[in-house]
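Keep in mind that this is a model prediction, so the values were computed, not measured. A note on names: the letters A, B, ... follow the listed sequences, proteins ahead of strands, and every chain is numbered from 1.
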There are 2 protein chains.
Amino acid sequence: MDVEYQTDHAASRIAAAIGEPARARMLYCLMDSHARTSTELAVVADVSPSTASVHLNRLTTERLVKVLVQGKHRYYSLEGPEVARVLEGLSVLAGGSGDKFVPNTPNRLRAARTCYDHIAGTLGVSLHDRLKTMGWLTANGDESYELTPAGSRAFEALGIDVEETHMLRRRFAFGCLDWSERRSHLGGALGAVLLKLALKKKWVVQDLDSRALRVTSFGRREMGSRFGMEV
Amino acid sequence: MDVEYQTDHAASRIAAAIGEPARARMLYCLMDSHARTSTELAVVADVSPSTASVHLNRLTTERLVKVLVQGKHRYYSLEGPEVARVLEGLSVLAGGSGDKFVPNTPNRLRAARTCYDHIAGTLGVSLHDRLKTMGWLTANGDESYELTPAGSRAFEALGIDVEETHMLRRRFAFGCLDWSERRSHLGGALGAVLLKLALKKKWVVQDLDSRALRVTSFGRREMGSRFGMEV
DNA sequence: TCCATACTTTGATCGTAAACGAAGTGTGTT
DNA sequence: AACACACTTCGTTTACGATCAAAGTATGGA
C-alpha cells in the first residue's frame with residue numbers, strides 16, 4: 001500500500017491517455033477551447049466514429065476532457081486550464097531542448113495563437129509584459145496575478161466587467177508558459193475575457209479550425225496605442 | 001506536412017514514454033534528483049534488469065533522462081527541471097479535482113518533500129511565501145523571481161554564494177506549482193541551493209530512497225527564527 | 001409514427017510493445 | 001589471465017489495446 005506508488009500509477013495512467021496519437025490529436029485540437037462533437041473529433045483524429053467514441057470515453061474517465069450533452073450532440077472540451085498547462089508543458093519538452101532547431105514552426109502560429117482560451121505566441125507574451133510593466137497587473141504569492149486599481153480602471157474602460165470576471169469559479173489570472181516563446185502569457189479568467197474582447201473588437205480574427213490568430217491592421221493600431229507597444 | 005501535427009505527435013510520444021507504469025515509477029523516483037544506476041531503477045520499477053535497460057534506453061532517446069557513464073556504472077537522472085515540472089503537472093491532474101477526496105495522502109509527503117532538487121510540500125510553500133512577504137524575493141515578468149538587495153544580503157549571510165548561483169546555466173528562480181498544496185514553492189537554481197543548505201545545516205534530513213524530508217527540531221527552531229515562521 | 005442523424009456498444013482482428021532468460025559486451029579486480 | 005560484475009542485445013512469448021464494421025440506443029424532425 002505504498003502511496004507514492006498510487007501517485008505514480010495515477011499520473012502514468014493520465015500520461016498514457018495523452019500518449020496515444022489519435023487522443024493527442026484530439027486534445028491538442030481542443031486547446032483552442034472550442035468545444036467539438038464526437039464526429040468532428042473523429043475527423044481531426046483520423047479515426048472512425050466508433051474508435052473516437054472509445055477514445056473520448058477514456059479521456060472523460062481520466063478527467064482530461066468534459067462533455068456537455070445538448071440534444072443529440074455531445075460537445076467535448078478540455079476539463080480545465082491545468083490540462084492545457086500540462087499539454088503545453090509536453091510541447092515544451094517535445095520542442096527539443098532549444099538546440100534542436102525547429103525552424104519550420106509557422107510564423108502564423110508563433111506570432112499569435114490561442115492557448116486553451118487565451119492569447120499566446122509573441123502577441124500574448126508582449127501583452128503580458130506590457131500589462132506588468134505598466135503596473136496594471138501584479139504578481140502575488142503562488143504565481144497568481146492580481147489587477148492593480150489602475151489596471152482595474154483600465155480594463156473597465158475597455159468594457160470588461162472586472163467584478164464579474166472575479167466571480168467566475170476559476171483562477172483569476174496567472175502566468176502561463178508559452179511553448180514557442182518559453183515566456184509567460186496571461187492565463188486564467190482575465191486572459192479569457194481579454195481574448196474575447198480582442199475578438200469582439202476585431203483586433204484579432206480567428207482562423208477557422210486552427211489555433212492561429214491574425215492581428216488586423218485595426219487591431220495593430222488599437223492595441224499599439226492602448227497598451228503602448230509595437231505589435 | 002502539417003506542423004501542428006508534428007507538435008502533437010512529438011508530444012504524444014513523450015507522454016507515451018511517461019505513460020508506462022514501470023517507466024513512470026523510474027521517473028518519479030528520480031524526482032528527488034538523486035542519480036541512480038540501471039539496476040537500482042530495475043528494483044524500483046519492479047522489472048528485470050534487461051527490461052529496465054530497454055525502458056531507460058527509451059527514456060534517454062526521448063530526452064526525459066540523461067545518463068552519466070562512470071566506469072561500469074551508468075547513472076541516470078532527469079534531463080532537466082522542465083521534465084520535473086511536467087511530472088509535477090501530471091501529479092496535479094492525477095491528484096483528483098479536489099472534490100474527489102484523497103484522504104490517504106501521507107502526511108510525510110504532504111508536509112515536506114523534494115520536487116526535483118528543491119523543497120516542496122507545506123514546508124516549501126511556507127518558505128516561498130515568507131521569502132516573498134519579507135521582501136527578499138520579488139516576481140518580475142514571465143513568472144521568474146529575482147532576489148532583492150535585502151534578499152541577496154540575507155542569503156549571503158546564510159552562506160550562499162548568490163553570484164555563483166546566478167552563473168549556473170539554469171533559470172535562477174521561479175514559482176513551481178505544488179501538487180499537494182496547489183500553491184507555489186521556490187524552484188530553480190535558488191531553490192536547489194536552498195535545499196542543499198537546509199540539508200547541510202541539518203534543518204531537514206532526507207529519507208533514504210524517498211522524496212520525503214523530515215524537519216529536525218533544530219531546523220524547526222532555526223528556520224522559525226531566520227524566516228519568521230511556524231514550521 | 002417513422003425515418004434520419006448522432007453517437008455508443010459489441011465482437012472480432014490485428015499489431016505493437018512489454019516481459020524474461022540467455023547470451024554478449026565492456027570494465028574493473030584478483 | 002581469469003573472473004566477477006554492470007549492463008545491454010537478442011529472440012521468443014504473451015497480453016493488451018487500437019481498430020473497424022455492424023448492430024444498438026437515443027434524440028429530433030417530418
Side-chain angles (χ1 to χ4, degrees), chain A residues 5 8-30 34-78 209, chain B residues 5 8-30 34-78 209:
Chain A
Y5 165 77
D8 294 3
H9 193 64
S12 128
R13 283 178 58 87
I14 307 266
I18 305 172
E20 200 279 330
R23 285 194 294 261
R25 283 194 290 271
M26 291 175 172
L27 289 170
Y28 279 93
C29 171
L30 290 172
H34 215 255
R36 288 186 178 74
T37 65
S38 170
T39 7
E40 286 172 324
L41 289 169
V43 175
V44 170
D46 194 29
V47 289
S48 75
S50 58
T51 305
S53 180
V54 177
H55 284 316
L56 286 166
N57 189 20
R58 170 127 180 225
L59 291 177
T60 308
T61 58
E62 298 289 357
R63 295 176 174 265
L64 288 170
V65 304
K66 62 180 176 227
V67 57
L68 174 71
V69 181
Q70 217 164 71
K72 62 177 169 180
H73 292 281
R74 262 137 212 255
Y75 291 100
Y76 289 93
S77 52
L78 293 191
D209 233 57
Chain B
Y5 165 76
D8 295 4
H9 193 64
S12 128
R13 283 178 58 88
I14 306 268
I18 304 172
E20 200 280 330
R23 285 194 295 261
R25 283 194 290 271
M26 292 176 173
L27 289 170
Y28 279 92
C29 170
L30 291 173
H34 217 253
R36 288 184 178 76
T37 64
S38 169
T39 6
E40 285 172 325
L41 289 169
V43 175
V44 169
D46 195 29
V47 289
S48 74
S50 57
T51 305
S53 180
V54 177
H55 283 317
L56 287 167
N57 189 20
R58 170 129 181 224
L59 290 176
T60 309
T61 58
E62 297 290 357
R63 295 177 172 268
L64 288 171
V65 304
K66 62 180 176 223
V67 57
L68 174 71
V69 182
Q70 217 165 71
K72 61 179 171 179
H73 292 280
R74 261 137 211 256
Y75 291 100
Y76 290 91
S77 53
L78 292 192
D209 233 55

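With C:dA18, D:dC5, D:dC20 as the choices, the nucleotide that has an atom nearest any side-chain atom of B:Glu20 turns out to be C:dA18. Proximity note for B:Arg58 (side chain, C-beta onward) versus C:dA18, D:dT9, C:dA19: the nearest is C:dA18.
Remark: A:Arg13 CZ is loosely packed, at most 12 non-hydrogen atoms of other residues, nucleotides or ligands lying under 6.0 Å away.
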- Message: Please determine whether side chain to side chain contact (heavy atoms under 4.5 Å, CB included) holds for the pair B:Ser77 and B:Lys66, giving the CA-CA distance in whole Å, both sets of side-chain angles, and the decisive distance to 0.1 Å.
- Response: CA-CA 6 Å; B:Ser77 53; B:Lys66 62 180 176 223; 3.7 Å; yes
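Scanning all heavy atoms of the two residues, the minimum distance from A:Arg25 to B:Asp8 falls at CA-OD2, 3.7 Å.
Atom CZ in B:Arg25 sits about 13 Å away from atom P in C:dA18, given to the nearest Å. Across the protein-nucleic acid pair, A:Arg13 atom CZ and D:dC16 atom P stand 14 Å apart, rounded to whole Å. The interatomic distance linking A:Leu56 (CG) with C:dT9 (C1') rounds to 15 Å, in whole Å. C:dT25 atom C1' lies 15 Å from atom CG of B:Asn57, rounded to whole Å. A straight line from CG of A:Leu59 to P of D:dG17 spans 14 Å, rounded to a whole angstrom. To the nearest angstrom, C1' of D:dT19 lies 12 Å from CE of A:Met26. The separation between B:Arg74 atom CZ and C:dT27 atom P is 9 Å, rounded to whole Å. We find that NZ of A:Lys72 is positioned 6 Å from C1' of C:dA4, with the value rounded to whole Å.
Taking only side-chain nitrogens and oxygens, A:Arg23 comes nearer than 4.0 Å to OP1 or OP2 of D:dA18. Between C:dT5 and A:His73, no contact under 4.0 Å exists linking OP1 or OP2 to a side-chain N or O.
Using a 4.0 Å heavy-atom distance criterion, B:Ser38 is classed as a sugar-phosphate-only contact. Within 4.0 Å of A:Tyr76, counting heavy atoms only, lie sugar-phosphate atoms of the nucleic acid but no base atom.
Remark: the backbone N or O of B:Pro49 is not paired with any side-chain donor or acceptor of B:Ser53 at under 3.5 angstrom. A donor-acceptor contact shorter than 3.5 Å links the side chain of B:Arg23 to the backbone of B:Ala17.
Nearer to the 5' terminus of DNA chain D, by closest-nucleotide assignment, is the contact made by A:Ala16 (compared with the other of A:Ser50 and A:Ala16). Looking at which nucleotide of DNA chain C each of A:Thr51 and B:Pro49 is closest to, the 5′-most match is held by A:Thr51.
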